[in-house]
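What follows is a short report on a single structure.
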Protein chains: 2
Amino acid sequence: MWCNAAMGRAQTGTGARPPRATIIDVAREAGVSPATVSRVLTGSKPVSAEPEQRVRAAVARLGYRPNPAAQGLLRGTTSAVGVVVPDLSNPYFAEVLKGVTNAAQHADFRTLVADTGEKAGAERDAALELSRWADGIVLCSPRMSQWELTELASAVPRLVCVNRRSRGSRIPAVAVDFEAGVASICRHLRELGHRRVAYLRGPSRAWSERARQRALRTAGGPDLEIVQIPCGSSSVDGHRAADVALASGATAVMAFSDYVALGALARFDELGVAVPEEISLTGFDDIALSRLVSPRLTTVTVDKQDLGRRAWQLFIDSGADGRTGSTVEVMPELVVRGSTAAPTAAGSIEREIVHER
Amino acid sequence: MWCNAAMGRAQTGTGARPPRATIIDVAREAGVSPATVSRVLTGSKPVSAEPEQRVRAAVARLGYRPNPAAQGLLRGTTSAVGVVVPDLSNPYFAEVLKGVTNAAQHADFRTLVADTGEKAGAERDAALELSRWADGIVLCSPRMSQWELTELASAVPRLVCVNRRSRGSRIPAVAVDFEAGVASICRHLRELGHRRVAYLRGPSRAWSERARQRALRTAGGPDLEIVQIPCGSSSVDGHRAADVALASGATAVMAFSDYVALGALARFDELGVAVPEEISLTGFDDIALSRLVSPRLTTVTVDKQDLGRRAWQLFIDSGADGRTGSTVEVMPELVVRGSTAAPTAAGSIEREIVHER
DNA sequence: CTGTTAGCGCGTTCAT
DNA sequence: ATGAACGCGCTAACAG
């Protein structure tokens, strides 16, 4: 079907690209009015068989496809969704984006993407700019202030957040239950016998980090001391922070995320510190590569593509009326793998030796 | 500046989102004609100071932003670029996308993204569909046939390929010199003393795989036997193929990519096969996580974001006239890390034992 | 320097 | 069932 049109064009020459055919060209070609062409293509009104055939033939011959800008102008809608992420290099966000994109593609929507480079200041502008071209925005793990977010929500047609719930403003959101996730990790560590764990902090501006902190305040206590260590959200951050964690005298390290944990794990390996024999390590998110490292990472599973799909669903739902505030909570699940074990007295002793090299 | 506008709107109520202001609203508000507003905003013609101030004030007050669909309709251009990738979960493509997006953002362009799920059949449709909304397409590692690609290039306004050069059709492309990369890996392995290496093949439809095959034909010979093993492009493919590679009796495994190699590495670890003592392993691309596994992966570096940036540059360059055919070749560089070593006689013996468990 | 007019490509009314 | 005419929001012509 499409072959005819495209091949016909390809034959016209080397670089001569004909201007795109308009609906008028098709109408002329088919010997009907533009309105009839439109009716055939949208199916809005019935059209007799004979003219319909002529129109379809003309469409195929010319390779005609309606101009989305014109359609959008008329409809006042773009059939596009914008996705704003802090960092596409982070597999977590890449997966969420994939989830949104696939769902959107399925619904015949385009996906626009913007990368803010982990800069909180760039989020508002990116979202605002994308919103001009889209019917709404999916904002992933925004680092901006609550005030800014509320403000943004009123400036963007439809805004959905991923991993950020806001009490006051009624912004639809899908978020992992970080408290539950952190709690289950803490429980696991405590049951193994750990009494002092180092926590590698994520970006302080991230809502998910604050949620983790809430959980840590609950979980921490006399039988589980939490040592806070500033870190970040990338694997290099984890790599850097690993030494500090080691020096803290903790028997286990809880990382902000898998991505961070992988960095720490690499550093432990460089230092010759055995995981989990000398120190236990946990992640968060269960990214694909956590199953591929050695030892495999104990973490908490989150279906990141599903997060994207649900965000899309929220985006769609929020379209009909001004309904807002629907919040989806995704429950993560602890997966115990090889990176955690009971603490050994030997751990701290051997570590001294190791540091010598 | 923007605060005024957005705050003013936010105060109007809970869910009541006023329809976006048009240029006419602004004109009325400022007591001028729409043309004057346009002139102020685009700077196309000079405007007196006093009306200009009124216009700017009105714009801020109403939170007006021009409708891109209308502008696009008029200009016949979208200021958007479409990126089609086989799989966003693959860090390689996520990085390329990031490169394109950042460059595009810088030039005030939007990025549309489509994920084809590694299905060659979906590529054409995705590209065609995106091209309706964009000024052109960046096609990453297309798996489609050469014929299809040529055909597509004539149906899309501007097409740039990443990691796919095509002799016949003059499609701008930026591609890694896979032959050189594979050759340097082979040389490295041979110098270490390996005589029989298993190659974990990528998708047979991928151009980069065929390029690797060309290099292997040159590199292979009496002093370096290449055992071909069907595999794929994901880490789970590598995980699966690792057993076959082991059974081949090779002393080294050369994976299609880092992503694949990481899967194989995980499998070796599960089997208790020591890398590089019992078997050497190489990747391709140098993704971030290859530095984080143990042992760190010997591979070939490719700046993936740079690939995206260069693709963007080609996209821009191909805009002016019908200039085509410009092809950029990126030279990868061997990085020897911990996953390769000289083969040991012990390797094959110990491996027998390991298989028992 | 400014306002008025026309038209980008399309879908949808209103007539026929 | 079909065609003619209008207008979506904007800017480039053309007047004044």
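Letters A, B, ... are given to chains in the order of the sequence lines, protein chains preceding strands, and every chain is numbered from 1.
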Between [N] atom [atom2] and [X] atom [atom1], what is the distance in whole Å?
X	N	atom1	atom2	answer
B:K45	D:dG16	NZ	P	17 Å
A:R28	D:dG3	CZ	C1'	16 Å
B:R20	D:dC8	CZ	C1'	13 Å
B:R65	D:dG9	CZ	C1'	15 Å
B:R75	D:dA13	CZ	C1'	16 Å
A:L62	C:dG9	CG	P	14 Å
B:I24	C:dG3	CD1	C1'	13 Å

Does a nitrogen or oxygen in the side chain of [X] sit under 4.0 Å from OP1 or OP2 of [N]?
X	N	answer
B:Q71	D:dG9	no
A:T36	D:dG3	yes
B:S48	C:dT2	yes

Query raised in the report: How would you label the contact of A:P34 with the nucleic acid (heavy atoms, under 4.0 Å): base, sugar-phosphate, or nothing?
Result: nothing
**Report entry** Nearest-nucleotide 5' precedence on DNA chain C, A:R39 against B:L74
**Finding:** B:L74
Checking contacts here: which listed nucleotide ([options]) is nearest the side-chain heavy atoms of [X]?
X	options	result
B:A70	C:dG9, D:dC10, D:dG3	D:dC10
B:S33	C:dT4, D:dC10, D:dG3	C:dT4
B:T22	C:dG3, C:dC10, D:dC10	D:dC10

